[in-house]
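Inspection log for the structure reproduced underneath, given as structure tokens.
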Amino acid sequence: MCLGIPGLVLEVHDDVGLRMATVDFGGIRREACLSCTPEADVGSYVIVHVGFAITLVDEAEARRTLEVLRAMAGAVEGELGEPLPSAEGQAARDPAG
């Protein structure tokens, strides 16, 4: 199964001519390419599919989607390589949470 997972853009950088970002998926950080979402910047929420940010979403939608994905732990683990931290664990790490 392939999922688009919402995440928060923490950092934007150039990697061999590609605009890349460090994206936080509720406690798990991965790199994603921003070539499909040139308007994304630090603080933006994006949907990432197979390493590419494919669209922007608002924070409320990103949080709702992450909660649904936490309920589908096996699917998320298949995409990110590890399960999403619990919402409680994420809130403890995210003072804005």
Side-chain angles (χ1 to χ4, degrees):
M1 177 187 310
C2 293
L3 298 173
I5 301 176
L8 174 64
V9 176
L10 300 177
E11 174 189 317
V12 175
H13 55 275
D14 182 82
D15 186 1
V16 193
L18 286 175
R19 192 163 178 259
M20 300 292 291
T22 301
V23 180
D24 180 75
F25 301 97
I28 299 170
R29 293 180 180 182
R30 297 286 186 264
E31 295 296 302
C33 180
L34 298 178
S35 64
C36 297
T37 54
E39 67 278 22
D41 208 347
V42 172
S44 297
Y45 284 85
V46 293
I47 299 291
V48 177
H49 177 66
V50 294
F52 288 86
I54 57 173
T55 191
L56 278 87
V57 294
D58 64 37
E59 181 179 1
E61 181 62 25
R63 289 183 185 274
R64 279 192 301 270
T65 303
L66 282 172
E67 285 308 309
V68 169
L69 292 174
R70 280 186 178 94
M72 301 169 39
V76 173
E77 188 171 356
E79 289 297 312
L80 295 177
E82 58 187 288
L84 286 173
S86 69
E88 295 80 25
Q90 173 60 25
R93 287 187 296 278
D94 181 7

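On a predicted model such as this, the values are computed, not experimentally measured, just so you know.
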Intermediate values then yes/no, side-chain contact (heavy atoms from CB on, under 4.5 Å), Val12 and Met20: CA-CA 6 Å; Val12 175; Met20 300 292 291; over 6 Å; no
Residue pair [X] / [Y], side-chain heavy-atom distance below 4.5 Å:
X: His13; Y: Glu31; result: yes
X: Arg30; Y: Ile28; result: yes
X: Arg19; Y: Asp14; result: no
X: Val46; Y: Pro6; result: no
X: Phe52; Y: Thr37; result: no
X: Arg29; Y: Val23; result: no
X: Val48; Y: Ile5; result: no

Distance-minimising heavy-atom pair for Val9 and Ala21: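 Looking at all heavy atoms of both residues, the shortest contact is CG1-CB, 3.9 Å.
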At their closest point, which heavy atom of Ala32 faces which heavy atom of Ala53, and how far apart are they?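 Residues Ala32 and Ala53, closest heavy atoms: CB-N, 4.5 Å.
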Show your reasoning for whether side-chain contact (heavy atoms from CB on, under 4.5 Å) applies to Tyr45 and Arg63. CA-CA 10 Å; Tyr45 284 85; Arg63 289 183 185 274; 4.1 Å; yes
About how many Å separate SG of Cys36 and NE2 of His49, when rounded to the nearest 0.5 Å?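 These two atoms lie 10.5 Å from each other.
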First locate atom CG of Leu34, then atom CD1 of Ile54, and finally report the distance between them rounded to the nearest 0.5 Å.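 Leu34 CG to Ile54 CD1: 12.5 Å, rounded to 0.5 Å.
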Taking NZ, NE, NH1 and NH2 as the nitrogens, is one of them in Glu67 or Arg64 under 4.0 Å from a carboxylate oxygen of the other?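 A salt bridge is absent here (no side-chain N lies under 4.0 Å from a carboxylate O).
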Looking only at atom types and distance, does a side-chain atom of Asp15 sit under 3.5 Å from a main-chain N or O of Leu18, one as donor and one as acceptor?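 No, Asp15 side chain to Leu18 backbone: no donor-acceptor pair under 3.5 Å.
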Please assess Leu66 against Glu61 for the test side-chain contact (heavy atoms from CB on, under 4.5 Å), listing each intermediate value before the final yes or no. CA-CA 9 Å; Leu66 282 172; Glu61 181 62 25; over 6 Å; no
